[in-house]
Amino acid sequence: MKRFAVGTDIGGSHISTAVFDFERNSVLKGSFASQKVNNQGTAEEILSNWATTLSKAITLIDRRQLAGIGFAVPGPFDYASGIAWFTSDVAKYQSLYGINVSERIRDLLGRQMGLELRFLNDAIAFGVGEAWMGKAARVGRSISVTVGTGLGSAFVEQGIPVVEREDVPPKGYIWNLPFNNDLADASFSTRWFIKRYAEKSGNMLAGAKQVAERAATDSLARDVFLEFGRNLGLFLSPLIQKFRAELLVIGGNVSAAYDLFGTALEESLRKQQTRVAIEVSALKEDAALIGSTRLFQDQFWRRVKPLLAKM
C-alpha cells in the first residue's frame, strides 16, 4: 500500500483537505487546509475551486507515494460512481446535479497523474474516523451523530459502517425517520434552535451558537437546550438499544454546547433504560477527513466498496 492519501471534507460552503500518512498513522503535520466555496456557483467554479485546493495538498508529498484522494461528501450522491445528485431541496451545489465529479476532478488535476478518487457519505466518514482514531476506537459498536445544519449518523461495527441490516435504519440514515410529527432532521438541526427560541422569546437569532451564547443569562435559551437534550434521548434510545451500541459519539457544530444539553440527554436515556457511554468528538471535522482516507486501506476498502451503492 502506498504511504499517503489525501482526505477531503466537502462542507456546505467549504472544502477541507489534509494528507494522511499511513506509515505514521497520523495526519501529516502542516497539511490541513480549508477553502471557502460558493455553493451556488457554476459547476466549473465549484469544481475548479476543489481541484485547486486538492492540488496544493498533493504538492506536499511525493506523488508516487499517493494512493489517491478520499472524499467525505453529503448526499444525495452516488458514492460508488462519483456522480452528484444535489437538488434544490438541499440548497447547495445544485449546479453539480448529474455531473460525474470523479471524472471532472481527474480532468482538472491531470489524468496523467493516474489518481484514484473514492467517495463516502460525510456522516459515515465521520463515524469511520471516530471508530478508527477517535473516541470510538476502543469499542466494537458505536453510533456517531452529527448535529449542525442537518442530522447525520453512522452505525459502525468493528470499524465498518453498517448500512443494511435489521438492527439499523435503511442506509444507516436517521435524519429521515419520524419524530414529533415531522422528520427527525427538523428537530435535531440548527434551524430547530432558531425556530424554537423564536417561539419562546419572539427573537430570531442566526443559529444555535447565538442561542448558546445567551444561555448564561437567558433562561429561555437554557430551556431550549434542555428540551433538545430530552428529545434527542427519546429519539436515539430505541436506535441505541436495537443496535446494542456501546458508545454514542456526538459531533457537529451543536456538540460544542454539550454542557447545555448533555445532562438532559443522559437523563432522558436513563429514563428509557438505555445504557450507553457518551463522548463528544475531539477530532471534530477532522474525523470525516480521516475517515475518507481509510478508503485507501486495502482491507477496509474490500469490505466497504460493496456497500457504497447502498448508501
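Leu283 has its side chain out of reach of Lys135: every pair of non-hydrogen atoms, C-beta onward, lies at least 4.5 Å apart. Proximity of Ile58 to Ile69: side-chain heavy atoms (C-beta onward) are separated by under 4.5 Å at one or more points. The shortest distance between side-chain heavy atoms of Thr146 and Leu151 does not fall below 4.5 Å.
A chain of hydrophobic side-chain contacts below 4.5 Å, direct or via other Ile, Leu, Val, Met, Phe, Trp or Tyr residues, connects Val163 to Phe243. Criterion: ILVMFWY side-chain heavy atoms under 4.5 Å apart, direct or through other members. Under it, Phe261 and Leu226 are not part of a common hydrophobic cluster. Leu265 is not connected to Leu247 by any chain of hydrophobic side-chain contacts under 4.5 Å among Ile, Leu, Val, Met, Phe, Trp and Tyr, and they are in different clusters. A continuous path of ILVMFWY side-chain contacts below 4.5 Å connects Leu308 to Ile105, so both sit in one hydrophobic cluster. Residues Leu269 and Val145 fall within the same hydrophobic cluster, defined by Ile, Leu, Val, Met, Phe, Trp and Tyr side chains chained together at heavy-atom separations under 4.5 Å.
The two atoms that bring Ala57 and Val6 nearest to each other are CB-CG1, 4.1 Å, heavy atoms only. Contact record, Leu307 with Pro161: CD1-O, 3.4 Å, taken as the closest heavy-atom pair.
For the pair Arg303 (side chain) and Ile160 (backbone), a donor-acceptor distance under 3.5 Å is absent. Checking side-chain atoms of Ser31 against main-chain N and O of Leu28 turns up a donor-acceptor pair under 3.5 Å. Judged by distance alone, with hydrogens and angles left aside, the side-chain atoms of Gln210 form a donor-acceptor pair with the main-chain N or O of Gly207 at under 3.5 Å. Side-chain atoms of Ser55 come within 3.5 Å of backbone atoms of Ala51 as a donor-acceptor pair (strictly under, hydrogens ignored). Checking side-chain atoms of Ser34 against main-chain N and O of Ser16 turns up no donor-acceptor pair under 3.5 Å. Judged purely by atom type and a 3.5 angstrom limit, Thr190 uses its side chain to pair as donor or acceptor with the backbone of Gly148. Ser95 contributes a side-chain N or O that, together with a main-chain N or O of Gly41, makes up a donor-acceptor pair within less than 3.5 Å. In terms of modelled atom types and a separation under 3.5 Å, the side chain of Ser187 and the main chain of Ala184 share no donor-acceptor contact. Checked by atom type and distance alone, the side chain of Gln94 pairs as donor or acceptor with a backbone atom of Lys92 at under 3.5 Å. Between the side chain of Ser153 and the backbone N or O of Ile174 there is at least one donor-acceptor pair closer than 3.5 Å.
Each salt bridge (charged side-chain N to carboxylate O under 4.0 Å, His left out) pair with one or both residues in residues 68-81, not counting sequence neighbours, would appear here, but there are none. Annotation: side-chain hydrogen bond (donor to acceptor under 3.5 Å, both in side chains) contacts involving residues 230-256, sequence neighbours excluded, comprise Ser237-Thr274, Gln241-Thr274. Residues in residues 60-75 take part in these side-chain hydrogen bond (donor to acceptor under 3.5 Å, both in side chains) pairs, two or more places apart or across chains: Asp62-Arg64.
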Determine whether Leu177 and Leu239 satisfy the following criterion, side-chain contact (heavy atoms from CB on, under 4.5 Å), listing intermediate values before the conclusion. CA-CA 11 Å; Leu177 297 180; Leu239 299 167; 4.0 Å; yes

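With rounding to the nearest 0.5 Å, the separation of CG in Asn39 from CD1 in Ile10 is 11.5 Å. With rounding to the nearest 0.5 Å, the separation of CD1 in Ile83 from CG in Asn100 is 5.0 Å. Atom CG of Leu236 and atom CD1 of Ile143 lie 7.0 Å apart (nearest 0.5 Å). Atom-to-atom distance recorded for Phe296:CZ and Thr293:OG1 is 9.0 Å, nearest 0.5 angstrom. Note that CG of Leu248 and CD of Glu266 are 10.0 Å apart. Values are rounded to the nearest 0.5 Å. Between the OG1 atom of Thr87 and the OH atom of Tyr93 there is a distance of 14.5 Å, given to the nearest 0.5 Å.
Summarising the local packing, CD of Glu199 is surrounded by more than 12 heavy atoms from other residues, nucleotides or ligands at distances under 6.0 Å. The environment of CZ in Arg165 is crowded: more than 12 heavy-atom neighbours from other residues, nucleotides or ligands sit within 6.0 Å. Under a cut-off of 6.0 angstrom, the local environment of NZ in Lys200 is crowded, with over 12 non-hydrogen atoms contributed by other residues, nucleotides or ligands. More than 12 heavy atoms of other residues, nucleotides or ligands lie within 6.0 Å of CD in Glu103, so this atom counts as buried by the packing criterion.
When the salt bridge (charged side-chain N to carboxylate O under 4.0 Å, His left out) test is applied to Asp223, no partner is found at least two apart in sequence or on another chain. Every residue two or more places apart in sequence or in another chain was checked for a ring pair (Phe, Tyr, Trp, His ring centres under 6.0 Å) with Trp301, and none qualifies. Among residues two or more places apart in sequence or in another chain, the side chain to side chain donor-acceptor pair (under 3.5 Å) test is passed with Ser281 by Glu130. In this structure Asp185 satisfies the salt bridge (charged side-chain N to carboxylate O under 4.0 Å, His left out) test together with Arg191, sequence neighbours excluded. Annotation: salt bridge (charged side-chain N to carboxylate O under 4.0 Å, His left out) contacts of Asp286 (sequence neighbours excluded): none. Every ring pair (Phe, Tyr, Trp, His ring centres under 6.0 Å) that Phe188 has, sequence neighbours left out, goes to Phe179, Phe228, Phe235. The ring pair (Phe, Tyr, Trp, His ring centres under 6.0 Å) test applied to Phe32 returns no partner, not counting sequence neighbours. For Arg104, the salt bridge (charged side-chain N to carboxylate O under 4.0 Å, His left out) partners are Glu44, not counting sequence neighbours.
Between Phe225 and Phe193, the distance separating the two ring centers is shorter than 6.0 angstrom. Between Phe20 and Trp132, the ring center distance clears the sub-6.0 Å criterion.
Here Arg196 pairs with Glu227 in a salt bridge; the nearest charged N to carboxylate O distance falls below 4.0 Å.
Between the side chains of Gln297 and Arg294, a donor-acceptor pair is found at a separation under 3.5 Å.
Ring geometry for Phe86 against Phe77 counts as tilted: the plane angle lies between 30° and 60°, on a 0 to 90° scale.
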I'd like a table of donor-acceptor pairs (distance under 3.5 Å, sequence neighbours excluded) in which one partner is a side-chain atom from residues 118-126, with atom names and distances.
unit_1	atom_1	unit_2	atom_2	d
Arg118	NE	Glu116	OE2	3.0
Arg118	NH1	Leu295	O	2.6
Arg118	NH2	Glu116	OE1	3.3
Arg118	NH2	Glu116	OE2	3.0
Asn121	OD1	Ala123	N	3.0
Asn121	OD1	Ile124	N	3.1
Asn121	ND2	Tyr79	OH	3.1

